[in-house]
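Values in this document were obtained by computation on a predicted structure and should not be read as measured data. Below, chains carry the letters A, B, ... as their sequence lines are ordered, and counting in each starts from 1.
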Amino acid sequence: MSRKLLSSLLRSCTTHSTTSQCHAQTILQSLLPNVILETDILLAYTKLGLMAHARKLFDKMPQRNMHSWNIMIASYTHSSMYFDAVTVFQAFKQCGSLPDHYTLPPLFKISIGIGEPCFGRMCHGLVVKLGYEEIVVVTNSVLEFYIKCGTVSQALSVFSNHNAHRDSVTWNLMISGFGKAGLYSDAVHCFREMLKHQSGYELDYMTLPSILSACGKEGDMLKVKEVHGFIVRNFGFHADAPIGNALIDNYGKCGSLKDSENVFNTVGCVNLVTWTTMISCYGMHGKGEESVFLFEKMMEEGFRPNAVTLTAILASCSHSGLLDQGKKIFSSMISDYGFEPTAEHYACMVDLLGRCGYLEEALRLLKRMKSSSVTGSMWGALLAGCVMHKNVEIGEVAAHQLFQLEPNNTSNYVALCGIYQSLGMARGVSTVRAKMRGLSLVKTPGCSWINIAGRAHKFYQGDLSHPLSHMIFQTLYVISNTQLSTNDLGVGYLLHDDDTFVMA
DNA sequence: CTAGGGTTAG
């Protein structure tokens, strides 16, 4: 067999055995060493995720080209083996070579993967110095890097500096970046800008889940509906699964379970995430029975739940007080599916037991675990249960664990304080407050808001300064039909975005 | 050989 033939065979290999056979042939026919052929073998191994095989060959190669270095760096990165990727990159630099536009994008992923943003910033410098700023793929990876670091301002400056070299990926990165940073109105603004720059049929459907999520997290159902209409007009009803999933999720987040159900019942593409999303929508709306029903139906249809599905169903049971169903699902996941419960699942179970008032049982569950594997979220769930059921003994245990684990989390101090307060334990209250002062911790006030007719109405706890607060108070009183103090109601004032009052 | 979207959690 000729080199050429083996080369093209290698490029079409899709299994371990065919790749190994081709590799063996190159050796048998004394075709090695040969950079082109060896690089083909490297690529074939890495495509199959056989990094150890690739590395063994790579280390033996007497000669390497840019392609072979890039394959190793990119595939280690792809396999989340960031430190191996760094080692290869360092060896590469030792040879005195400079990275090219294929080398650079994985370097930003490595920087995030190893948690060293300095490395990424240095690579950004390399991009500029080596003149790769005009290659859109490279610039997009720089943009993604700054977004993943949480430095939106840096991302925005990269975005603005490259208005001549943008593609749909660039726009999508910026829109989803704003959304991830909680800058929802900026995300919407960016989406509008994008639409101005391209005509309808060129529109990229990958942007749609991002914009839906920004609208949904803002709680703006009108915008979600608007984007939904836009999707139907431009893409028809048979959107792909992530779009349907985003619609279900965000209708749910905006409080319209009916619309979520509607999408769920009519979408063309359904996957595990679709089921999980719908289950968690029912959970959010306190409809645990529906969640359990859907969970069972999902399994009947042959979907195997994953870790996220399990978290969703457990959280759902928890919110609806379905103790037995939750326990049953948790133990059957372990026995029937050999599932290894994660920290989140234990936190859900503690939450479930705690809400139902089984605080001792919840504490026992945590005490059975290795103390190093008990997370803050588990103690946090227990503490929340103690607040609900005014249990000071277990509450103190949980709170003191949390003070060790997350000393700067103000919510934990406030929670313990709340238990003391509800039991009239004045000394406890002042001790916790003194502790907070000593650590100079300040609690940011909780705020909730709703969007009505495109305007954001914010509510802070215990504030009655709005002229309509009396009316709101009365309405809440009627709804709750119980004797509540002003403080319990959390009545606030309505504020517009620019802090001017809005008259309903 | 390089870049982008969806699901949990208090």
Side-chain angles (χ1 to χ4, degrees), chain A residues 39-40 42-43 46-47 65-78 99-109 132 135-145 147-148 167-177 179-180 204-214 216 239-250 252-253 269 271-281 283-284 305-316 318-319 342-348 350-351 354-355 375-385 387 402 409 411-412 415:
Chain A
T39 305
D40 284 326
L42 268 189
L43 185 58
T46 57
K47 271 185 188 159
N65 56 21
M66 279 306 286
H67 195 185
S68 27
W69 286 103
N70 287 339
I71 288 169
M72 289 311 289
I73 295 168
S75 50
Y76 270 135
T77 308
H78 191 73
D100 67 4
H101 65 111
Y102 285 112
T103 327
L104 289 159
L107 298 183
F108 294 99
K109 281 218 157 96
Y132 288 112
I135 310 270
V136 70
V137 179
V138 175
T139 309
N140 285 346
S141 64
V142 177
L143 186 59
E144 194 198 4
F145 164 74
I147 287 165
K148 289 233 169 91
D167 64 3
S168 59
V169 178
T170 321
W171 285 100
N172 192 25
L173 277 167
M174 206 57 235
I175 292 165
S176 71
K180 280 171 194 153
D204 190 335
Y205 63 92
M206 293 279 265
T207 318
L208 299 168
S210 308
I211 190 64
L212 280 169
S213 143
D240 72 347
I243 294 173
N245 299 344
L247 282 168
I248 294 167
D249 182 37
N250 291 294
K253 284 200 166 75
C269 304
N271 61 19
L272 182 59
V273 178
T274 318
W275 289 93
T276 308
T277 306
M278 197 62 228
I279 288 168
S280 94
C281 279
M284 265 191 276
N306 66 8
V308 180
T309 317
L310 184 55
T311 313
I313 186 69
L314 287 177
S316 205
S318 185
H319 293 321
T342 65
E344 282 81 17
H345 301 134
Y346 279 106
C348 281
V350 171
D351 188 73
R355 269 179 211 262
T375 62
S377 59
M378 297 179 206
W379 289 118
L382 185 61
L383 182 58
V387 173
L402 285 163
N409 187 341
S411 321
N412 301 325

**Q** Indicate, with a heavy-atom threshold strictly under 4.0 Å, whether L104(A) touches base, sugar-phosphate, or nothing.
**A**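 The residue L104(A) makes no contact with any strand.
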
**Q** Keeping the roles fixed (side chain from N172(A), backbone from S168(A)), state whether a donor-acceptor pair exists under 3.5 Å.
**A**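 No, N172(A) side chain to S168(A) backbone: no donor-acceptor pair under 3.5 Å.
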
**Q** Should we say atom NE2 of H101(A) is surrounded by more than 12 heavy atoms from elsewhere, each under 6.0 Å from it?
**A**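 Yes - once you tally the heavy atoms of other residues, nucleotides and ligands closer than 6.0 Å, there are more than 12.
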
**Q** Describe the nucleic acid contact of E344(A) in one word from base, sugar-phosphate, nothing, applying a heavy-atom distance below 4.0 Å.
**A**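 Touches a base.
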
**Q** Is a side-chain donor or acceptor of H319(A) paired with a backbone partner of M284(A) at a separation under 3.5 angstrom?
**A**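 No, because the side chain of H319(A) does not come within donor-acceptor range (under 3.5 Å) of the backbone of M284(A).
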
**Q** Counting only N and O atoms by type, is there a donor-acceptor contact under 3.5 Å from the side chain of N306(A) to the main-chain atoms of T309(A)?
**A**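 Yes: the side chain of N306(A) pairs with the backbone of T309(A).
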
**Q** Could you check whether K148(A) gets within reach of a base, just the sugar-phosphate, or nothing at all, counting any heavy atom under 4.0 Å?
**A**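 It contacts nothing in the nucleic acid.
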
**Q** Who are the ring-ring contact (aromatic ring centres under 6.0 Å, His included) partners of W171(A), not counting sequence neighbours?
**A**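 Expected list: F159(A), H197(A).
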
**Q** Students often get this wrong, so: under 4.0 angstrom with heavy atoms, is D100(A) touching a base, only sugar-phosphate, or nothing?
**A**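 Nothing, no nucleic acid heavy atom in range.
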
**Q** Does a donor on one side chain sit under 3.5 Å from an acceptor on the other, for H345(A) and T342(A)?
**A**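 Looking only at side-chain atoms, T342(A) and H345(A) do form a donor-acceptor pair, the distance falling under 3.5 Å.
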
**Q** Within the 4.0 Å heavy-atom criterion, would you say A315(A) contacts the bases, only the backbone, or no part of the nucleic acid?
**A**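 Sugar-phosphate, no base atom in range.
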
**Q** Please classify the nucleic acid contact of S377(A) as base, sugar-phosphate, or nothing, using heavy-atom distances under 4.0 Å.
**A**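 The answer is nothing, as S377(A) stays clear of every strand by at least 4.0 Å.
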
**Q** For I279(A), answer base if it contacts any base atom (sugar-phosphate contacts may also be present), sugar-phosphate if it contacts only those atoms, and nothing otherwise; contact means non-hydrogen atoms under 4.0 Å.
**A**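 The answer is nothing, as I279(A) stays clear of every strand by at least 4.0 Å.
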
**Q** Answer with base, sugar-phosphate or nothing: what part of the nucleic acid does H78(A) contact at a heavy-atom distance below 4.0 Å?
**A**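 No contact.
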
**Q** Where does the chain A footprint on DNA chain B start and end, counting 5' to 3' with a 4.0 Å heavy-atom cut-off?
**A**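 The protein-touched segment is dC1(B) to dG10(B).
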
**Q** Under 4.0 angstrom, heavy atoms only, what part of the nucleic acid is Y205(A) near: base, sugar-phosphate, or nothing?
**A**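 Base contact - Y205(A) has a heavy atom under 4.0 Å of at least one base atom.
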
**Q** Any base atoms under 4.0 Å from N306(A), or only sugar-phosphate, or nothing? Heavy atoms, all strands.
**A**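 Since no nucleic acid heavy atom lies under 4.0 Å of N306(A), the category is nothing.
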
